[in-house]
Trainee: 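Handing you a structure now.
Source: prediction; values computed, not measured. Each ligand, and each atom within it, is numbered from 1 in the order the structure gives. Residue numbers count from 1 along this sequence. Reckoned from all heavy atoms, side chains included, excluding hydrogens, waters and symmetry mates.
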Amino acid sequence: MVDAGPAVYDAVDDYPPFVLRAAEGVAADPGSLGIVIGGSGNGEQIAANKVRGVRAALAWSDATATLAREHNDANVISIGARMHSQEEATRLVELFLATPYSGEERHTRRITMLSEYERTGELPPLP
Ligand SMILES: O=C(CO)[C@H](O)[C@H](O)COP(=O)(O)O
């Protein structure tokens, strides 16, 4: 486990320096999973998704935590610390870590469209 910080609580610090480091760590270690935590989890998810190769999902229920892995093969979970009790947040993370990617063709097809867009900047064709 690698802790990208912060090491001390600062109510007015900025999340991008920590989240981008966590996300870069995940991108550099294929198969690894990351956890980012912030007020709502929205900005933290946005920051993590700036890193090439990262698929960060905002989880706010058991279903969204599970689907993030099953359907999206998300490699980062974002949690809003102010949105959940500690027990709820822990459960979301545990579900995320325990759920494998389904590998279903339609999901792989969609993920491939996104990674190809990320790689080339070219839009996938319309159906
Ligand atoms: O993305 C967010 C909200 O949507 C962040 O979690 C939030 O902006 C953090 O704010 P604060 O400085 O009050 O902790």
Side-chain angles (χ1 to χ4, degrees):
M1 198 274 287
V2 177
D3 186 350
V8 292
Y9 178 65
D10 174 354
V12 295
D13 65 4
D14 300 321
Y15 53 82
F18 307 110
V19 169
L20 290 170
R21 280 170 173 76
E24 284 207 351
V26 170
D29 184 8
S32 68
L33 296 173
I35 303 162
V36 298
I37 303 169
S40 73
N42 273 328
E44 296 73 18
Q45 182 203 23
I46 292 167
N49 276 320
K50 297 297 179 191
V51 175
R52 192 178 292 263
V54 164
R55 290 179 300 281
L58 177 64
W60 49 272
S61 64
D62 289 3
T64 55
T66 304
L67 286 169
R69 293 286 305 131
E70 277 179 1
H71 284 200
N72 310 117
D73 198 15
N75 50 12
V76 171
I77 183 174
S78 184
I79 301 280
R82 292 181 206 141
M83 307 297 137
H84 307 286
S85 67
Q86 191 171 322
E87 291 71 30
E88 286 170 354
T90 301
R91 178 175 168 78
L92 297 178
V93 170
E94 286 176 346
L95 284 169
F96 180 82
L97 296 179
T99 305
Y101 174 50
S102 69
E104 286 179 40
E105 193 278 333
R106 75 183 190 285
H107 302 309
T108 300
R109 186 175 69 236
R110 295 161 187 171
I111 292 167
T112 301
M113 286 179 183
L114 294 173
S115 54
E116 279 302 294
Y117 176 73
E118 184 177 61
R119 191 177 67 82
T120 66
E122 290 180 22
L123 292 167
L126 291 169

Trainee: Identify all side-chain donor-acceptor contacts of residues 29-42 below 3.5 Å with residues at least two apart in sequence or on another chain.
Mentor:
residue, atom, partner, partner atom, Å
Ser32, OG, Val26, O, 3.4
Ser32, OG, Asp29, O, 2.6
Ser40, OG, Asn42, N, 2.9

Trainee: Between Glu87 and Arg91 (salt bridge meaning N to carboxylate O under 4.0 Å), is one present in this structure?
Mentor: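 A salt bridge is absent here (no side-chain N lies under 4.0 Å from a carboxylate O).
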
Trainee: Report the part of Gln45 in contact with ligand 1, treating N, CA, C, O as backbone and CB onward as side chain, heavy atoms under 4.0 Å; options are side chain, backbone, both, neither.
Mentor: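 The answer is neither; Gln45 stays 4.0 Å or more away.
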
Trainee: Below 3.5 angstrom, do we get any N/O pair linking Arg82 and ligand 1?
Mentor: yes

Trainee: Flag Gly39 as yes when one of its N or O atoms lies below 3.5 Å from any N or O atom of ligand 1, and as no otherwise.
Mentor: yes

Trainee: Judged by atom type as modelled, is there a donor-acceptor pair below 3.5 Å linking the side chain of Arg69 to the main-chain atoms of Ala74?
Mentor: yes

Trainee: For atom 8 (O) of ligand 1, what is the closest protein heavy atom, and at what distance to 0.1 Å?
Mentor: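 Ranking protein heavy atoms by distance from atom 8 (O) of ligand 1, first comes Tyr15 CE2, 4.3 Å.
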
Trainee: Taking distance alone, no hydrogens or angles, what donor-acceptor pairs closer than 3.5 Å link side-chain atoms of residues 7-25 to residues at least two apart or in another chain?
Mentor:
residue, atom, partner, partner atom, Å
Asp10, OD1, Val12, N, 3.0
Arg21, NH1, Pro17, O, 3.0

Trainee: Would one find an N or O of Gly43, backbone or side chain, under 3.5 Å from an N or O of ligand 1?
Mentor: yes

Trainee: So is Glu44 in contact with ligand 1, going by heavy-atom distances below 4.0 Å?
Mentor: yes

Trainee: What residue and atom, counting heavy atoms only, is the protein's closest point to atom 12 (O) of ligand 1, and at what distance?
Mentor: Ala11 O, 4.4 Å

Trainee: Minimum heavy-atom separation for Met83 to Glu88, with atom names?
Mentor: O-OE1, 4.1 Å

Trainee: For Phe96 and Asn75, which heavy atoms make the closest approach, and how far apart are they?
Mentor: CZ-C, 4.1 Å

Trainee: At a 4.0 Å threshold, what atoms of ligand 1 neighbour a non-hydrogen atom of Ser40?
Mentor: 1 (O), 2 (C), 3 (C), 4 (O), 6 (O)

